[in-house]
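Residue numbers begin at 1 in each chain, while the letters A, B, ... track the order of the sequences. The figures here come from the full heavy-atom set of this structure, side chains too, leaving out hydrogens, waters and symmetry mates.
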Protein chains: 2
Amino acid sequence: MTSTPSPRVTIKDVAARAGVSKGAVSLAFNHKPGLSEATRDRIFAAARELGWAPSLTARSLAGARVDVVGLAICRPAQMLGLEPFYMEFISGVESVLTERSCSLLLRLVRSPEEEAGLLDSWWKGRQIGGSILVDFRADDPRVAAAERLGLPVVAVGHPSLTGGLTSVWTDDATAVTEAVRYLAALGHRRIARVGGAAALGHTGIRTAAFDEAARVLELAGAWQVTTDYSGEAGARATRSLLTAAPVDRPTAIVYDNDVMAVAGLSVAAEMGLSVPGDVSLLAWDDSQLCRLTHPTLSAMSHDVHGFGADAARTLFGVITGEGPGSHPVPTPVLTPRGSTAPPKM
Amino acid sequence: MTSTPSPRVTIKDVAARAGVSKGAVSLAFNHKPGLSEATRDRIFAAARELGWAPSLTARSLAGARVDVVGLAICRPAQMLGLEPFYMEFISGVESVLTERSCSLLLRLVRSPEEEAGLLDSWWKGRQIGGSILVDFRADDPRVAAAERLGLPVVAVGHPSLTGGLTSVWTDDATAVTEAVRYLAALGHRRIARVGGAAALGHTGIRTAAFDEAARVLELAGAWQVTTDYSGEAGARATRSLLTAAPVDRPTAIVYDNDVMAVAGLSVAAEMGLSVPGDVSLLAWDDSQLCRLTHPTLSAMSHDVHGFGADAARTLFGVITGEGPGSHPVPTPVLTPRGSTAPPKM
DNA sequence: AGCGCTTTCTCAACCGGTAAAGTCCCAATC
DNA sequence: GATTGGGACTTTACCGGTTGAGAAAGCGCT
């Protein structure tokens, strides 16, 4: 059962086998000039025969770059499972990391403060070469932490939240405005929004944009509530919005993610209201979920995978000192499906 | 803007500040005997003042254990976003890792072969101290790879799939049997199962168990199809099952995850069939999603978070050489909700 | 006082790489 | 023929810790 205890093969073994010095092996494996083709081949052959790959640990200790990118997520564990957003975002990040043989160091944290501390130890411990920061709040401690450390990061969030950090973000204000305009154009005058976590910066941006859009369009009714993004909370919020008398209740509801919209749909069904007959629902983030319900959910859709990939690419830009710098990603676009229609009267 | 470029503080600085040698600092930080209380305090004080934390990179190079656990996931990126399973599993893993100040190294791969190679380089590169292996297939190359490397791993999968590796698993056969028995007890005689990816080992186990249960219970009709776990595939499968003439089609369908069950629910609605009146649906994995639909979905429910935590704890057991060893986790239990009932006639 | 024993620390040799400086050899130039 | 200039490697000094082999100091005991 217990096979040979794996005698670790090191650069020295490879050097010996190829009949060269450690330095030569290092040069070969980093594709640096100063070696003849013949030697290079001999070294690679020796490495292949021995099944050797350079130890990233040692490499990073010796001052070279670190091939690991950090990502800390600060949300209650339970919610993470359901939110398709993160996994999709992560898979986008991964798609870029994989191209460059990098790995992702993931950690769930409970607060931005804890995350700031984590970044500190990750960076000082040379565990990561850079980090992706998500879910910004007002006065986020991570901005100062990253700057103080000189840690290369890309901040996923609007520049108004991310201080001077290189950022990628979605234009939430425009998207919210478009969502409200669309519903208003259908004829809705009483519109509600079931928002995400109040503490999150982009929730604030969306809330302000919704207010502004409601003012400009002179809506007869505009409600906003914040939740914790969970389906349960979305259901609760929907229930409370729809229990008002028909003339007072919203005829359209915008949700800040798709899980809450799905929950809202089922609440409408449970209350005997038809969608989109009695109430229109508009989701956000548009994962596959929106196409699996009946009726299908209209959504502000959004290439989350691409968003993650973009964030990762931008981070590499920061690390190498070139590349794009801060920029917005494409604004979510309205994808009408079966859950939105003009109000009945 | 550019603050001080963060002059890295090392063990030497701490040693100097505390007036001791590097070795002493090392002893203190590893809680090893041989230092007086006074010196110990002095060292910790110095470290605190300097904001120093030991470099895990250097530490692991020097032969100490590595505080990182690997996890590679081999599924198409797109599906990952929607499958609540993984994020919930990961959050369970994290909950245990966090207690021990460990991090998770995550990577999405395209094949078990690629994963085997990744484990090789992670381990040889001393990037991980152990790994969690999921989604076993028949003759999985990772079994041999882990054994050859002497890499501490915990395999998430039935022992029949994981070779001699320390494993944790759910008893899928029993769970499937229970699901079928339950539906049969309600009076269903024509039952279908929409399974997951055929290549996956546990899909095979469930398929065999379903066949066996159908045989034992002498069901009049038993269908099984395999899918890729996506909602789309679940919808397609459901559609094709339900288009048969009423007397020939299944009156109950079991799904291998909850996303496909949600999709199935919407297909039934779209076809004008009532759930559970015309057809009963039973989901698997029971994320929050099952409680957000209308009707709510009955499910074989399953503490996925706890499963992840258990896997992580077992891995630590393997690493330290003590702990539980291979064991099953609690079998999923049937949670009846609104989507299952006796068949109409 | 001399001897052995601890306890408390220091020293120096690694761990497995990287990178700057140094060595050698040979062709080209003055 | 001596000098210069590279190309092709090797040497050596780290990177930031750990670790085992001492060394110095304090203490009890004969």
Using atom CD1 of A/I11 as one end and atom P of C/dC15 as the other, report the distance to the nearest whole Å. 13 Å
Stepwise, does the side-chain contact (heavy atoms from CB on, under 4.5 Å) test hold for A/I73 with A/L106? CA-CA 8 Å; A/I73 295 181; A/L106 183 73; 4.2 Å; yes
Against the side chain of A/R126, the closest entry in C/dG16, D/dG17, D/dC15 is D/dC15
For the residue pair A/W52 and A/F44, is the inter-centroid distance of their aromatic rings smaller than 6.0 Å? no
For the pair made of CG in A/D41 and C1' in D/dA8, what is the distance, rounded to whole Å? 15 Å
Would you mind reading off the distance between B/W123 atom CH2 and C/dG16 atom C1', rounded to a whole angstrom? 15 Å
Distance only, no hydrogens: is a donor on one side chain within 3.5 Å (strictly under) of an acceptor on the other, for B/S167 and B/T162? yes
I need the CD1-C1' distance between A/I43 and C/dT18, as an integer number of Å. 14 Å
How is B/S26 classified with respect to the nucleic acid when contacts are heavy atoms under 4.0 Å: base, sugar-phosphate, or nothing? base
B/R17 with B/D13: basic N within carboxylate O range, under 4.0 Å: no
Kindly list each side-chain donor-acceptor pair under 3.5 angstrom involving residues 96-104 of chain B, sequence neighbours excluded, with atom names and distances?
from	atom 1	to	atom 2	distance (Å)
B/T98	OG1	B/E94	O	2.8
B/S103	OG	A/R107	NH1	3.0
B/S103	OG	A/W122	NE1	3.3

Secondary-structure string, 5' to 3', Watson-Crick or G-U under 3.5 Å, | for another-strand partners, for DNA chain D: ||||||||||||||||||||||||||||||
OP1 or OP2 of C/dA19 versus the side-chain N and O atoms of A/K32: is any pair under 4.0 Å? yes
Please give, in whole Å, the distance from C/dT18 C1' to A/R59 CZ? 9 Å
Which pairs, protein N/O on one side and nucleotides 9-14 of chain D N/O on the other, fall under 3.5 Å?
from	atom 1	to	atom 2	distance (Å)
D/dC9	OP1	A/S36	OG	3.4
D/dC9	OP1	A/T39	OG1	2.7
D/dC9	OP2	A/S36	N	2.7
D/dC9	OP2	A/S36	OG	3.0
D/dC9	OP2	A/T39	OG1	2.7
D/dT10	OP2	A/S21	N	2.8
D/dT10	OP2	A/S21	OG	2.8

Which residues pass the ring pair (Phe, Tyr, Trp, His ring centres under 6.0 Å) test with B/F307, not counting sequence neighbours? B/F89, B/H302
To the nearest angstrom, the NZ-C1' distance between B/K12 and C/dT10 comes to 15 Å
Take atom CG in B/D139; do more than 12 heavy atoms of anything else shown fall under 6.0 Å from it? no
Please collect all side chain to side chain donor-acceptor pair (under 3.5 Å) contacts where either partner lies in residues 311-320 of chain B, sequence neighbours excluded, each pair once. B/D310-B/T314
Taking only residues two or more places apart in sequence or in another chain, which ones pass ring pair (Phe, Tyr, Trp, His ring centres under 6.0 Å) with A/H158? A/W169
Atom CG of A/L61 and atom C1' of C/dT18 are separated, to the nearest Å, by 10 Å
Starting from P on D/dG16, measure out to CZ on B/F29 and report it in whole angstrom. 16 Å
